[in-house]
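For reference, the structure discussed in these notes is given below.
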Amino acid sequence: MSDTDRPMAVVSPGSWARSWLRLRRLFLKEFLQLVRDRRSLTMLFVAPILQLLLYGYAITTEVRNLSTVVLDRDETQASRSIADALVATGYFRVTRWATDRSQVARALDQGAATLAIEIPRGYSRSLLAGRPLSIQLLLDGANANTATVAEGYAMQIVEAQGAKLLARSAADVPVLAPVTLESRAWYNPGLESRVYFVPAIAANIMLNMGLMLTALGVVREREQGTMEQLLVSPVTPLEIVVGKVLPVAMVVLVNVAIVDLVGIYWFDVPFRGGVILLSAASLTFTLAGLGAGILLSAIAKTQQEVSMSVFPVLMPMMLLSGMIFPISSMPRVIQWLTLANPLRYQIAILRSVFLKGAGVAELWPQLVPMVVMAVGLMLVAAWRFNRRLA
Amino acid sequence: MISLPRLLTIARKESRQLRRDTRSLILAFLVPVQMLLLFGYAISWDVRNIALGVFDGDQTESSRAVVDAFRGSGYFDVGQQLTRPGDGRQLLDRGDARAVLVIPRRFEQDLNAGRPTSAQLLVDGADANTATIVIGYAQATMASWATARGANPAVMALVPQTRIWYNQTLETRNMIIPGLVASIMMIVGSMLSAITIAREWERGTMEQLIATPVDRREIVIGKLLPYLVIGFIDVTMIVVVGSTVFHVPFRGSALLLGVSSFIYLSGTCALGLWIGAVAKTQLLAVQLNMLVAYLPGVLLSGASLDLSPMPRVLQLVSYAVPARYFVTLLKGIMLKGVGVATLWPDMLALVIYAGCAIWLGVHALQKRLAV
């Protein structure tokens, strides 16, 4: 220690300086431990990206190329034009032509087709005569979402095609002027699922990684018995917590930045809001995740237990956050329950910032509970940690 | 030669160890119950009570009839009437409405004059899935109003007759609960057995076990037996609770379900054993399991996410995910009530999977011994 340092060591600023030094060493040690080997590096930086790609591509309830079986009993140009109209939209793909009903049933039973369309014999003739026969649509409801959407599309296409043919018919049918409903989707005109999911995945990764890495870090120390060594050193409990939490926060925030950028530039997620609000919200929420991680480390005793807590802890948080399943569709009681879930607020905030360009004025009802929870979690975590050490 | 008493001894030791292990028990019994409740009761994609704002710029009998049609459809919750069309934007921004119906001035006039008319629906598209469904409902409501107004049998007949098979009410839980069976089995079968094996290696007790006269196959089967039993208990519980409490249909043969579950579970337990032997540590075993078995099993099995709109690469990958075949079997048996005649290709795929997994499991143990 140099002479200039000496006077500082006796007065309180000196203890701050030493504390700062200890903190820096601790931080370095924790950071190195995090990024030390290739395996943990992979887990840190490749897994989130993989998760993003998997979710970004897999979670879509859009209907596209839906396998369709056609039972055309009419076999005329008119009947074939209906199948063509279905295919032309890109929603459907004719995978089979059936010749009788049992083949239709078989295709649905096997799951080889999700939609079946039966055009009755004499369809074309009856249409020309102005007395059209009804076409039948059969849908596999086992996948409820797809069926709901596909039903709407198929009905519209078949109806429109029929109306076109009817208008051309010789019969004098007073075809009414069409009344249509023009739909316009705001915020996401292409109605792409991934635009909606990417911000939620970013939020999920913050919670997931913050919680896991913090808890693993503390538990590892305890498992290996090095926590005692740390405690007999001059480091204070607060310094231990801060030194542990800071590198994790850095890694998480770097990951979030990567995920956000991949979302914006690879998945073309629009970013309409403010960078500052996004960063502030991400930082706060990451703190909440870290606090939860310290709490978890008080409950779980081994690293493996921490890993397994994904199922009883993280899964329900994810399911009840509105990430995949809309909160408005949940029963009232469960909706109340979601109010205690910090992930719910963060997902709402990120989605609004990304897609709607919302600012603090619109988002304070989400921001306030999230900040309260983050601060609360940190305080409880610090208290638990101190008590355990005592 | 496999000796039954020795095999059972190992199984007994394993189940005793399991009984004392609280966290494994939580995973084996509490998590399935929790997920069943969540999926059965809490979450769904069913879109009901869609908050709808209305701007009626026409204020005529026809325009009011359209609004009434939306109100009476059972899907929409018609809220406040807007006074200016621009207010719709605010309503959506604040999230107070999911969609806004705008009926233009001269709607009735155009209608009566036989000119093509259209109303406008502004939808909050952020949640693309819900938005797609909302648009579908709105289109159907409008179309049926328009058709009914014409009251022309020729035009009416153009509306196709739709029938929905297997899940007439299109309920989310009817599709998710069969899929849940598959993912729970991934947790119970693969996760638990991987942890057990990894723990034996971690503690060095696997060497002791190997030093005894016990045969390799006896170790494998003996260790997996308790997890098979737990898996069976879980399947039974989910199926029974699902069909009695949540009214998920069960139309097929229970025997077929039992046989398929047995094949799938054996494969999954063996896969877990292999993962455990490769991972060497419990921690890595859990993480590998998430990546190799659990995530693909949930996302690429077709349980709740349809595979057809996914990119071709993911579709190809999904053929290598055993859960895909098991989910097809589960949906086939529970919802469709079909039998072996239809489902044999999927059963064959599962048998192949189980065979490979067991071979891998036994092999992994053997290789470890040579080291």
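Numbered from 1 within each chain, the chains take letters A, B, ... in sequence-line order. When reading the values below, keep in mind they use all heavy atoms of this one structure, side chains included, and skip hydrogens, waters and symmetry mates.
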Any side-chain heavy atom of A/Leu320 sitting closer than 4.5 Å to one from B/Leu38? yes
Heavy-atom nearest pair, A/Pro316 first then B/Gln34, reads CG-NE2, 3.1 Å
Among the options A/Gln110, A/Glu305, A/Gln161, pick out the one with the most heavy-atom pairs lying under 4.5 Å from chain B. A/Glu305
Heavy-atom distances under 4.5 Å only: say whether B/Leu295 touches chain A with side chain, backbone, both or neither. side chain
For the residue pair B/Met35 and A/Leu319, establish whether any side-chain heavy-atom pair is separated by less than 4.5 Å. no
Best-contacting candidate, B/Leu122, B/Thr141, B/Leu335, against chain A by heavy atom pairs under 4.5 angstrom: B/Leu122
Just jot down the ring-ring contact (aromatic ring centres under 6.0 Å, His included) partners of B/Tyr325, sequence neighbours excluded, or say none. none
One option among A/Leu66, A/Asn65, A/Leu50, A/Ile324 has the most heavy-atom pairs under 4.5 Å with chain B, and it is A/Ile324
Contact winner vs chain B - A/Ala348, A/Gly322, A/Pro312, A/Gly357, heavy-atom pairs under 4.5 Å: A/Pro312
Okay, side chain of B/Lys336, backbone of A/Leu108: is any donor-acceptor separation there less than 3.5 Å? yes
Interchain contact, B/Leu92 with chain A, by part (heavy-atom threshold 4.5 Å): both
One option among A/Glu151, A/Glu118, A/Gln335, A/Arg106 has the most heavy-atom pairs under 4.5 Å with chain B, and it is A/Glu151
Going by side-chain contact (heavy atoms from CB on, under 4.5 Å), name the residues that satisfy it together with A/Ala105, two or more places apart in sequence or in a different chain. B/Trp165
Specify which of B/Leu30, B/Leu300, B/Ile195 makes the most heavy-atom pairs with chain A at under 4.5 Å. B/Ile195
For the backbone of A/Gly152 and the side chain of B/Gln139, can you confirm whether one donor and one acceptor N or O come within less than 3.5 Å of each other? no
Among A/Ala147, A/Ala160, A/Pro326, residue most engaged with chain B (heavy-atom pairs, under 4.5 Å): A/Pro326
